[in-house]
*Asks:* 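Mind having a look at this structure? Questions to follow.
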Protein chains: 2
Amino acid sequence: MTVEQPSTREQILLQASILFARQGYHATSTRQIASAVGIRQPSLFYHFPTKTDIMRALLVEAIDGPVAAVERQLAADGSPAIRLHRYIVQDLITLCESVYNLAGTTTAAVLADPEFAAAASRYRCLFAARTRLIQEGIDAGEFFPVNAEFASRAIEWAIEGLHTEIVSGSPGTLEADVNQVADFCVRALLIDGSKIDEIRAAGPAATAG
Amino acid sequence: MTVEQPSTREQILLQASILFARQGYHATSTRQIASAVGIRQPSLFYHFPTKTDIMRALLVEAIDGPVAAVERQLAADGSPAIRLHRYIVQDLITLCESVYNLAGTTTAAVLADPEFAAAASRYRCLFAARTRLIQEGIDAGEFFPVNAEFASRAIEWAIEGLHTEIVSGSPGTLEADVNQVADFCVRALLIDGSKIDEIRAAGPAATAG
DNA sequence: GTCTATACCTCGATAGAC
DNA sequence: GTCTATCGAGGTATAGAC
């Protein structure tokens, strides 16, 4: 029974993700990445043709999990509030459980760059799906009749905000904070805020059921 | 009656703020800034000793207004919900009405840099003051007994999120969106969410009264 | 698959003429 | 107060030995 050693390619992605999260993509040099991996700078280019491609690989990691999470809840049973709460929790858990530090990858300054246009497009799909989930709650009379697109943006800000904090801060508080974000966002929409406890309680078990 | 021409110094701050907002601080070169101003790159250094000092000047603009806004509401009369709502609106209006584009200036990746330590310290004061305002609402029984620091963070994410969108997007929707953010944040805390309309209505007039 | 060496570029900043 | 010219550092990426 052998333990898989992380390949150099995976090490590059890991160390690059840590540096990108801390300093930003443009402020991080390929020399820094190589140094963190323990190889020389030109050796990076055996594994990735350009620095851009390192970021592109991380963007796929950062977007695919959340997209899967929201689509799962769009297709699931239960009240919209329960499914929205569950989606927010799963989105954050997906991001935080990644082996990479994906904070800041989907920042506007990054996605605005033409060389990341493909990721930006996929990120807009995530936004649209989340908006649909919110609209279901409004149509069902469970949520205030707010602008669903606006609410979708606000939830994105909260998810990105906590994600950035968790991966760059003290560990251990993940589950508590994740639930607090989901509570905050769902309560901001709920007509009957007192139902938040049962909505949260309905979350974790429901997917398996 | 003469119309003041913007000085070169102000032009540099303006164009730098626009480029920093769009591309980030590190991705923006002094040549780009100079080109946008209409001067040559070395001429910048007659007005600012370093590129860092340009950003420092913008950070003062980005933080002082919000600090003043929250301290005004900490000292004001009225229910905590009304004052928190009013603060959020004023914070955003202050940021958006600045002649500079201040989006992204207070990003973690910027404030983490030691050369911006002074601004980071002042930013923490803003956070602490906002947390106090929220705690007043909890103590008064108007808000859910959430973690006040967590709520303060969530409100920060929403303010930064909308600020970034407004200054880099289509104009005209400012007031509507600002109220939506304040509504979203206050409703997430309010035990009785149905009161949001009267809380919002109490906002604009109260400071002058 | 990693190395040394290096090409070539752009960066922030300086010197000194005007 | 702005210019031209340029410096030295550090950026991404390539060539070719091992």
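What's counted below: heavy atoms across the whole structure, side chains too, no hydrogens, waters or symmetry copies. Proteins get letters first, then strands, A, B, ... in listed order; numbering begins at 1 in each.
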*Asks:* What is the per-nucleotide protein-contact pattern of nucleotides 13-18 of chain C, from the 5' end, where B denotes a base atom under 4.0 Å from a protein heavy atom, S denotes such proximity for sugar-phosphate atoms only, and - denotes neither?
*Replies:* BB----
*Asks:* Check the pair A:D64 / A:R122 against side-chain contact (heavy atoms from CB on, under 4.5 Å), numbers first and verdict last.
*Replies:* CA-CA 9 Å; A:D64 278 9; A:R122 186 132 175 81; 3.0 Å; yes
*Asks:* How long is the line joining CZ of B:F48 and P of C:dG12, in whole Å?
*Replies:* 15 Å
*Asks:* Check the distance between C:dT10's P and B:Q23's CD and give it to me in whole angstrom.
*Replies:* 15 Å
*Asks:* Identify whether any heavy atom of B:S7 sits under 4.0 Å from a base atom; if not, whether one sits that close to sugar-phosphate; answer base, sugar-phosphate or nothing.
*Replies:* nothing
*Asks:* Report which part of the nucleic acid A:S29 touches: base, sugar-phosphate, or nothing (heavy-atom distance under 4.0 Å, all strands).
*Replies:* sugar-phosphate
*Asks:* Mind checking whether B:Y100 and B:F20 have ring centres under 6.0 Å apart?
*Replies:* no
*Asks:* Evaluate A:E156 against A:R130 for side-chain contact (heavy atoms from CB on, under 4.5 Å), listing each step before the verdict.
*Replies:* CA-CA 9 Å; A:E156 182 174 307; A:R130 188 175 48 223; 2.8 Å; yes
*Asks:* Show, in sequence, the C-alpha distance, side-chain angles and deciding distance for A:I196 and A:R200, and conclude whether the side-chain contact (heavy atoms from CB on, under 4.5 Å) test is met.
*Replies:* CA-CA 6 Å; A:I196 190 68; A:R200 185 190 324 108; 4.3 Å; yes
*Asks:* Rounded to whole Å, please give me the gap between NE2 in B:H47 and P in D:dT2.
*Replies:* 4 Å
*Asks:* Round to the nearest Å and state the distance from B:M55 atom CE to C:dG12 atom C1'.
*Replies:* 16 Å
*Asks:* Could you check how far CZ of B:R40 sits from C1' of D:dG1, rounded to whole Å?
*Replies:* 15 Å
*Asks:* Let me know the distance between CD1 of A:I33 and C1' of D:dG10, rounded to the nearest Å.
*Replies:* 15 Å
*Asks:* Can you tell me the distance, in whole Å, between the CZ atom of B:F20 and the C1' atom of C:dG12?
*Replies:* 12 Å
